[in-house]
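Written out below as structure tokens is the structure these notes cover.
Whatever order the structure lists ligands and atoms in, that order sets their numbers, starting from 1. Hydrogens, waters and symmetry mates are skipped; everything else that's a heavy atom, side chains included, is used. The shown structure was predicted, so the numbers you read here are calculated from the model rather than taken from an experiment.
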Amino acid sequence: MHDFYRVIGNPVGHSKSPAIHAAFARQLGIELEYATCLAPLDGFAGTVAALAAAGCKGANVTVPFKIAAFDLCTRLTARAQAAGAVNTLSFDGAAIAGDNTDGAGLVADIVGNAGVTIAGKRVLLVGAGGAARGAILPLLEQGPAALTLVNRTAASAHAVAAQFDFPIAVRQFEALDGPFDIVINATSASLTGALPPLPAAVFGAGTLALDMMYGAAPTPFMAFATGHGASARDGLGMLVEQAAEAFHVWRGVRPATAAVLAQLRAGA
Ligand code: ATR
């Protein structure tokens, strides 16, 4: 039997991860199986225990279980600890190792795919939920000149910023000026077609605006950013890059991502 992996979520039927991991495995000549796994909303721990008992080697974790996964792990990487959430599980006997590859995927997409360095740049991170928190340590490791955090609920942004040993500036939306070099939308606003109340001044001709979400059409955030001169990216590159990082965690080899991303963009 081939090594097998899962992506656990609810819902999870829409996940692109099986296609991405199948493409990585083909590219590297590795035989493995990767499929979706729907866990009951109140049954994540039981689902994980059953997978581990059946010999599953590892699993990705998606909405809404990333914090439950964090709580279940017997070992955590520094980046998972900083994120407070886990998207990559590795099973080894009774041990469950937890990692978080989302922030590394974000950085790889910005630096590797968009060709934009983060070092020395002014970065604005919008949101203070799990997605934003997971991005902070990998962003800081790149050495930005400044990291500004803005969130609808200011108290959450202050609480997140206080967890890092770096002076993160917390601002209110209406107090933001700019332009910033990089603006990252880590809110879930795009899921409901909403736009965080960003002033247009945060964007300029040299700004890279990245939405962690993706869909058939540009998100409202991307449309607003390009309308004010910025270049915009969706979250598809980040999705492929976080998967490549998870593949590396499990198999010790890093797949090439460009062709896989191009295939997804082409709707293949
Ligand atoms: P995730 O795991 O995707 O980060 P989350 O932890 O529920 O999800 O966090 C959602 C984030 O999106 C929060 O920062 C939330 O702002 P609040 O802390 O004020 O709730 C933000 N968000 C969601 N909808 C939004 C909207 N319409 N406008 C602005 N921010 C929004």
Side-chain angles (χ1 to χ4, degrees), residues 7-12 14-17 39 41 44 60-72 76 79-89 98-107 109 123-139 147-164 168-176 180 183-200 202-203 209-215 218-225 232 234-239 241-243 246:
V7 52
I8 311 169
N10 187 334
V12 74
H14 65 286
S15 173
K16 296 184 191 297
S17 293
L41 288 175
F44 177 74
N60 284 130
V61 180
T62 187
V63 175
F65 298 124
K66 290 184 187 184
I67 292 170
F70 178 89
D71 292 338
L72 216 65
L76 290 164
R79 61 191 182 182
Q81 239 147 16
V86 157
N87 80 331
T88 303
L89 299 170
D99 201 346
N100 191 313
T101 66
D102 286 330
L106 171 73
V107 166
D109 186 53
V123 180
L124 174 63
L125 183 60
V126 189
R133 191 171 150 183
I136 292 177
L137 186 63
L139 285 170
L147 179 61
T148 302
L149 192 60
V150 64
N151 191 49
R152 189 173 57 181
T153 309
S156 315
H158 284 288
V160 168
Q163 290 163 16
F164 293 88
I168 299 171
V170 177
R171 296 272 177 276
Q172 310 270 27
F173 281 105
E174 57 277 12
L176 287 170
F180 287 85
V183 181
I184 299 161
N185 183 15
T187 73
S188 50
S190 299
L191 287 178
T192 55
L195 177 68
L198 286 163
V202 303
F203 301 109
L210 187 148
D211 198 329
M212 289 192 183
M213 303 288 159
Y214 57 85
T219 65
F221 168 82
M222 291 167 68
F224 185 63
D234 66 9
L236 206 55
M238 175 180 169
L239 177 77
E241 296 298 340
Q242 66 74 31

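Residue pairs satisfying the side chain to side chain donor-acceptor pair (under 3.5 Å) criterion with at least one member in residues 149-161, sequence neighbours excluded, are absent.
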Would you tabulate the polar-atom pairs, meaning N/O of ligand 1 against N/O of the protein, with distances under 3.5 Å, reported to 0.1 Å?
unit_1	atom_1	unit_2	atom_2	d
ligand 1	4 (O)	G130	N	3.0
ligand 1	4 (O)	A131	N	2.9
ligand 1	6 (O)	G130	N	3.1
ligand 1	12 (O)	S188	N	3.1
ligand 1	14 (O)	A128	N	2.9
ligand 1	14 (O)	N151	OD1	2.7
ligand 1	16 (O)	N151	OD1	3.3
ligand 1	18 (O)	N151	ND2	2.8
ligand 1	19 (O)	R152	NE	3.1
ligand 1	19 (O)	T153	N	3.0
ligand 1	19 (O)	T153	OG1	2.5
ligand 1	20 (O)	R152	NH2	2.9

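Considering only residues two or more places apart in sequence or on other chains, D99 meets the salt bridge (charged side-chain N to carboxylate O under 4.0 Å, His left out) condition with R79. Under the side chain to side chain donor-acceptor pair (under 3.5 Å) criterion, Q163 pairs with R133, sequence neighbours left out.
Side-chain contact check for L198 versus F173: some heavy-atom pair is nearer than 4.5 Å.
The backbone N or O of D211 sits nowhere less than 3.5 Å from a side-chain atom of D234 that would complete a donor-acceptor pair.
None of L210, V126, L195 except one satisfies the side-chain contact (heavy atoms from CB on, under 4.5 Å) rule with N185; the exception is V126.
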